Protein chains: 2
Amino acid sequence: MKIEDEIKSTIALDISKKIILNVLYTQNVIIDNFNDILKPYDISGEQYNVLRILRGQKGSPANMFVIQERMLARTSNTTRLVDKLLLKNLVTRNVCPENRRKIEVLITQKGLDVLNELDPKVIEHEEFFSNNLSSQEAEQLNSLLEKYRNK
Amino acid sequence: MKIEDEIKSTIALDISKKIILNVLYTQNVIIDNFNDILKPYDISGEQYNVLRILRGQKGSPANMFVIQERMLARTSNTTRLVDKLLLKNLVTRNVCPENRRKIEVLITQKGLDVLNELDPKVIEHEEFFSNNLSSQEAEQLNSLLEKYRNK
DNA sequence: GTTATTTTTTTGTTAAAACATATAACATTT
DNA sequence: AAATGTTATATGTTTTAACAAAAAAATAAC
């Protein structure tokens with residue numbers, strides 16, 4: 001569906017505006033779908049993202065700075081995000097012995113189990129959208145987004 | 001910059017995942033830039049969006065339902081969004097005489113003035129990104145996003 | 001070796017989002 | 001016209017985000 005119809009626009013929009021609205025709207029659709037997947041597991045999208053980063057560490061701990069720089073949206077509330085995961089026993093948190101300012105965050109087995117259970121659903125979610133495109137179109141969309149941001 | 005570099009990914013990502021991350025990240029970049037424009041005017045992106053919808057009504061009032069269906073992200077808090085605009089005298093709110101359940105929201109002259117002042121900055125913002133693309137590429141990005149959502 | 005500076009994380013406060021529930025007006029049924 | 005149902009908006013409560021500022025540890029300066 002065209003973006004003008006999604007927002008019931010009465011007037012014609014120029015292409016710059018349409019792209020912006022389309023990116024914003026597409027993100028909403030992706031997020032809404034993804035939250036439906038996460039809901040039964042009682043974790044938020046941001047919390048999931050942190051778990052993914054920690055799993056990607058393959059056993060070595062991540063401090064707050066490392067977590068932040070790998071997140072999509074740099075939030076200043078990484079501490080409280082990790083707090084939530086800690087309450088659910090999905091991560092552990094320890095002071096780093098070499099530099100006692102730093103905090104070593106590790107994913108627990110329970111955290112890994114949650115991710116493993118989610119993996120096929122996440123892949124299905126990702127492919128649900130990209131299956132609408134040929135592989136050339138998918139590559140094209142990806143590189144056009146990067147060119148659009150131009151940084 | 002490639003999305004893998006933006007999030008400092010150590011492993012190769014498949015295209016489905018890259019597109020998702022790219023859409024989410026691009027949206028963050030757009031929103032961050034836009035918020036910088038709005039900041040001096042002390043209105044949020046959502047509030048701006050409502051003002052745009054109201055201006056688009058060209059003098060005829062919009063009720064809460066109309067506002068909601070034209071917003072990008074359907075929020076259940078339209079009432080409180082309008083509350084904020086009312087406090088700043090950017091809109092008026094009146095009970096509809098024909099159907100006293102409905103609320104007629106109108107943009108004020110002050111609201112129109114704010115939008116007029118913002119207009120050139122908003123256009124500049126929109127074009128800042130799309131200028132990185134040729135007009136064919138822009139059209140292509142737009143239609144690929146719509147095809148990707150496929151609804 | 002004490003003081004200042006910088007880095008890293010945490011905390012406090014205020015604002016906004018999310019979600020469920022409530023109220024109020026209108027419409028329909030009996 | 002009372003009861004029931006529906007629609008439109010509002011409110012209460014709980015989470016989450018945003019921003020500033022504080023705290024704690026390491027590093028640098030004197």
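Throughout, a chain's letter reflects where its sequence line sits, starting with A, and its residues are numbered from 1. On a predicted model such as this, the values are computed, not experimentally measured, just so you know.
Nearest to the side-chain atoms of B:Lys39 among the listed nucleotides D:dT9, C:dT10, D:dC19 stands D:dC19.
There is a side-chain donor-acceptor pair under 3.5 Å between B:Tyr41 and B:Lys121. Side chains of A:Asn63 and A:Glu104: a donor-acceptor N/O pair is absent below 3.5 angstrom, by distance only. Looking at A:Arg70 and A:Gln57, their side chains do bring a donor and an acceptor atom within 3.5 Å of each other. With 3.5 Å as the limit, one finds a donor-acceptor pair spanning the side chains of B:Asn22 and A:Arg149.
Distance, A:Ile31 CD1 to D:dT16 C1': 14 Å, rounded to whole Å. Computed from coordinates, the B:Glu104 CD to D:dT9 P distance equals 10 Å when rounded to whole Å. The distance between atom CZ of B:Phe65 and atom P of C:dA25, rounded to the nearest whole Å, is 21 Å. In this structure, the CZ atom of B:Arg74 is 15 Å from the P atom of D:dA8, given to the nearest Å.
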A correct 5'-to-3' footprint of nucleotides 22-27 of chain D, with B, S and - meaning base, sugar-phosphate only and no protein heavy atom under 4.0 Å, is ---BS-
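Formation of a donor-acceptor pair under 3.5 Å by the A:Asn33 side chain with backbone atoms of A:Val29 is found in this model. At least one donor-acceptor pair closer than 3.5 Å links the side chain of B:Glu137 to the backbone N or O of B:Ser134. Side chain of A:Lys102 to main chain of A:Ala62: no donor-acceptor pair is present (N/O by atom type, distance under 3.5 Å, no hydrogens or angles). With hydrogens and angles ignored, the 3.5 Å screen pairs no side-chain donor or acceptor of A:Arg93 with any backbone N or O of A:Leu86.
Regarding contacts with the backbone of C:dT10, every side-chain N or O of A:Lys102 stays at 4.0 angstrom or more from both OP1 and OP2.
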Quick one: which protein N/O atoms are closer than 3.5 Å to N/O atoms of nucleotides 11-16 of chain C? Pair and distance per line, please.
from: C:dG12; atom 1: N7; to: A:Arg80; atom 2: NH1; distance (Å): 3.3
from: C:dG12; atom 1: O6; to: A:Arg80; atom 2: NH2; distance (Å): 2.3
from: C:dA16; atom 1: OP2; to: B:Lys84; atom 2: NZ; distance (Å): 3.1

